[in-house]
Amino acid sequence: MSQVSIAEIISTQWLIPGVYNKFDPSRALRGPREMPRSLLLWGQITSPMFNPANFNKRMTVTTDAEARGLLGSGSILYQMWRGAKDNSGLGLPIRVMPLQDNSTGIANVRTITVTTSGSRGSGEQAVYIGGDRYSVGVQAADTAAQIAAKLGAALNVGDNPFTVAVNAAVITLTAKNKGTLANTIDIRTALYDSDNDVLGVTLAIAQSTAGAVDPSLSAAIVNTQNSRDTEWVVPYTDGANMAMVDAELLRRWGQDVQSDVCVITAMRGTEGTHTTWLASRNNPLMHSIHTANDPTSPFVTAAMAGAAIETAASLDPAVPHEGIPLVGYKAAREDEFLQSTQINNIMLAGGSSLSVQSDGTATLMRMVTHYKTHNTGAYDESMRELCWIKTLSWFRWFRNTLFAIRTQGFKMGEYAKPIDGQKIMTLEIAHDMLMNIYGDAVTLGRMQNSDHYEKTMLIQIDGPRGRLKIQDEPVLMTQLHQTMITSMWAAGHV
C-alpha cells in the first residue's frame, strides 16, 4: 500500500470527540463536461403592460403565451422568439432583451391599393406579410372598397406586425415598432406557384414612409456585462450599434473576462449590398446570414439560424452546421435566389447564406465569421470557421472549469515532487491534468493528435507570484466541407 498523506479537515486543536465527515465534489465528475449554452434575442416590444423598469434587462421566456403577453403579438421581439423557439432543441434556454422604440423613431408605413377592371372573377385573394398568409374570398360583384374592407379585416389580427386602417379602396399598414427593421418585412400577393390574383383584381403595394431610427443598444450591453449567454441574435446592422457590439464581444473574448459569446445577424439585398456591408466587418465572433428576396424577415431568419446553430453547438461545437433545416422559413421563388457565384463572393467577404431546396425549404450552409484580415492588414483565415470559434470557446471553458475546481487551495511546489494526497501543484501534476483534459477532448472528437499536444506543451511555475504558466497547442478537429472525386472512366473491356 502506497504511503499517502491525508489532509486534515478540522484543526488539530479541536479535542472534542466525534465523527467529522466532509464531502468534496472535486472528483465527482471525471468525464467530459458540456458547456452551458443559451440564446439571447435582442429586439423591440409593443406590449403596453410591460414594466418600463425591465427594458434593457434580459429575461427568460419559455412558452408562447408568455412571449405573446410579455413582448406583444406582432412585435419585432415576439416574431424573433417564435422563429427561435421553432428551431431550438430541448434544453436550450431562450432569453430576451426587450428594447424600447427610439423616442424619435419613425414607423414604416405601407399601402395596399385595390383596383378592379375588365372581366371579373371570383376566388381567393391572398396577401403575404413576412411569409404569413392572409386571404379572403372575393365575389365577382365585389367593389374595390368591399375587397379592401375584407382584406383589412383579415389583416387586423394580433400577430400582424402592422396596424391596419382602411379608407375606401386603400389599406394602410403602419408598423407596430418604429425603426428600420419593419422596412425589411416582405409584403406580396403571391408566394407559391398556385397563388394568383383574382381575375380583374389588382393590389398595388407601396411604401409611403420608410421606418427610421433604431434603439441604441448601449444600456442593454451594460446590463449584460455580468451575465453569460453563448449566442446573441442582434437584428440591427447600423454602424453605431455594430461598433458597440464589436467592442463588447472582444472584451468578453479577452483572457481577463472569458465570457465568450458569438453574435448572428441577417440581411436581405443584392450581392453588392452584402459585400459592401461586410467589407467593414472583421470580427471573428460575429456571423451573418445573407439572402436576396426571401419573404421571411431578416430578423426572424437570424433568430431561426441562431437557435439552430446553438442547438447544434450544445451537442457538439465541432460538427459543421451544413444541412440543418430552418423550421418555418419561407424561401423566395427559385428565380429570386442568390446564385452560387454570388454566395461564394459573399462568403469570401465574411458572410454566410442558406441552401434553398426546390420545395422552398432551407438549410444552413457553411457558417463563416466576419474575420478576414490580421491586425497587420494581411489576409488571414485562422478564425474564419464558426465551428473553430465555438470549439475553442468550449475547450477554454472546459479546461478553466476543471482547473478552477481541482486546484482550489493548492500550494505551489516549484521544486517539489508529487506527493499523494497533498494539494501541491508541481510540474508533473500540471502535466498530468492537462493531458487528462486533452484526452477527454480527443475522446469527444473535438481535438486530435495528443502526441503533438504533449510535445509542444510548456509549463512553468512562478512560485513568488503564485502563478502556473502554460503554453500549449491544441489541434482542433476540422470540418468536411468539400469532397473532390476524379473518375478515370473506361468504356468496354478492361
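Start at 1 with the first residue, then count along the sequence. Bear in mind that the values here come from a model prediction, so they are computed numbers and not experimental data.
Salt bridge absent: Lys85 and Glu66 never bring a charged side-chain N and a carboxylate O closer than 4.0 Å. Remark: Arg333 does not engage Glu336 in a salt bridge, criterion side-chain N to carboxylate O under 4.0 Å. Under the 4.0 Å criterion applied to side-chain N and carboxylate O atoms, Arg446 and Asp316 are assigned as salt-bridge partners. Remark: Asp159 engages Arg82 in a salt bridge, criterion side-chain N to carboxylate O under 4.0 Å.
Side-chain polar atoms of Asp246 and Asn283 form a donor-acceptor pair below 3.5 angstrom. Checking Asn87 against Tyr329 by side-chain atom types alone, no donor-acceptor pair falls below 3.5 Å. A side-chain N or O of His431 and one of Glu454 form a donor-acceptor pair less than 3.5 Å apart. Remark: the Ser259 side chain and the Arg252 side chain contain an N/O donor-acceptor pair separated by less than 3.5 Å. Side chain to side chain, Arg95 and Thr60 meet the donor-acceptor criterion of an N or O pair below 3.5 Å. Remark: the Tyr128 side chain and the Asp195 side chain contain an N/O donor-acceptor pair separated by less than 3.5 Å. A side-chain donor from one of Asp380 and Tyr371 sits under 3.5 Å from a side-chain acceptor of the other. Thr273 and Thr270 share a donor-acceptor pair across their side chains, judged by distance under 3.5 Å alone. Looking at Glu231 and His287, their side chains do bring a donor and an acceptor atom within 3.5 Å of each other.
Judged purely by atom type and a 3.5 angstrom limit, Thr296 uses its side chain to pair as donor or acceptor with the backbone of Lys330. No donor-acceptor pair under 3.5 Å is formed between the side chain of Thr189 and the backbone N or O of Val127. Of the possible donor and acceptor atoms, one in the side chain of Thr407 sits under 3.5 Å from a partner among the backbone N and O of Phe403. A side-chain donor-acceptor contact under 3.5 Å links Trp81 to the backbone of Val61. In terms of modelled atom types and a separation under 3.5 Å, the side chain of Asp86 and the main chain of Val327 share no donor-acceptor contact.
Shortest non-hydrogen contact noted between Gly72 and Tyr78 is O-CB, 3.3 Å. Across Thr369 and Met383, no two heavy atoms sit closer than the pair OG1-O, 2.7 Å. In terms of heavy atoms, Met80 sits closest to Phe299 at CG-O, 3.6 Å. Scanning all heavy atoms of the two residues, the minimum distance from Val442 to Ser450 falls at CG2-OG, 3.6 Å. The two residues Leu386 and Cys262 have their closest heavy-atom pair at CD1-SG, 4.2 Å. Across all their heavy atoms, Val475 and Tyr438 have their closest contact at N-OH, 2.9 Å.
Legend: salt bridge (charged side-chain N to carboxylate O under 4.0 Å, His left out) pairs involving residues 354-376, not counting sequence neighbours, sorted by first then second residue: Arg366-Glu385.
Partner Thr180 forms a side chain to side chain donor-acceptor pair (under 3.5 Å) with one of Thr237, Asp238, Asp214 and no other, that one being Asp214. Residue His370 forms a side chain to side chain donor-acceptor pair (under 3.5 Å) with just one option from Ser352, Ser280, Ser288, and that option is Ser288.
Annotation: the span from Leu392 atom CG to Cys387 atom SG amounts to 11.0 Å, rounded to 0.5 Å. Distance check, rounded to the nearest 0.5 Å: CD of Gln44 to NZ of Lys176 gives 14.0 Å. Once rounded to the nearest 0.5 Å, the distance linking OG1 of Thr111 with CG of Leu173 reads 8.0 Å. Here the straight-line distance linking atom CG of Leu41 with atom CZ of Arg58 works out to 11.5 Å at 0.5 Å rounding. Between the CE atom of Met447 and the NE2 atom of His452 there is a distance of 12.0 Å, given to the nearest 0.5 Å. Atom NZ of Lys390 sits about 9.5 Å away from atom CG of Leu285, to the nearest 0.5 Å.
Within the 4.5 Å cutoff, no side-chain heavy atoms of Met35 are placed close to those of Phe398. Taking the side chain as every heavy atom from C-beta outward, Met457 and Met435 approach each other to under 4.5 Å. Annotation: side chain of Tyr453 is in contact with side chain of Leu434 (closest heavy-atom distance under 4.5 Å). By the 4.5 Å heavy-atom criterion applied to side chains, Thr209 and Ile106 are counted as neighbours. A 4.5 Å side-chain heavy-atom check between Thr174 and Phe162 finds every atom pair outside the cut-off. In this structure, the side chains of Thr275 and Ile346 come closer than 4.5 Å at one or more pairs of heavy atoms.
For the pair Arg281 and Trp277, the cation-pi criterion (under 6.0 Å, within 45° of the ring axis) is fulfilled. The cationic atom of Arg396 (NZ for Lys, CZ for Arg) lies less than 6.0 Å from the six-membered ring centre of Trp253 and within 45° of the ring axis.
Under the 30°/60° scheme for interplanar angles, the aromatic rings of His290 and His274 are found to stand perpendicular.
Around atom CG of Asp193, no more than 12 heavy atoms belonging to other residues, nucleotides or ligands sit under 6.0 Å away.
The side-chain contact (heavy atoms from CB on, under 4.5 Å) test applied to Asn344 returns Leu348, not counting sequence neighbours. Every residue meeting the side-chain contact (heavy atoms from CB on, under 4.5 Å) condition with Ala154, not counting sequence neighbours, appears here in chain and number order: Val136.
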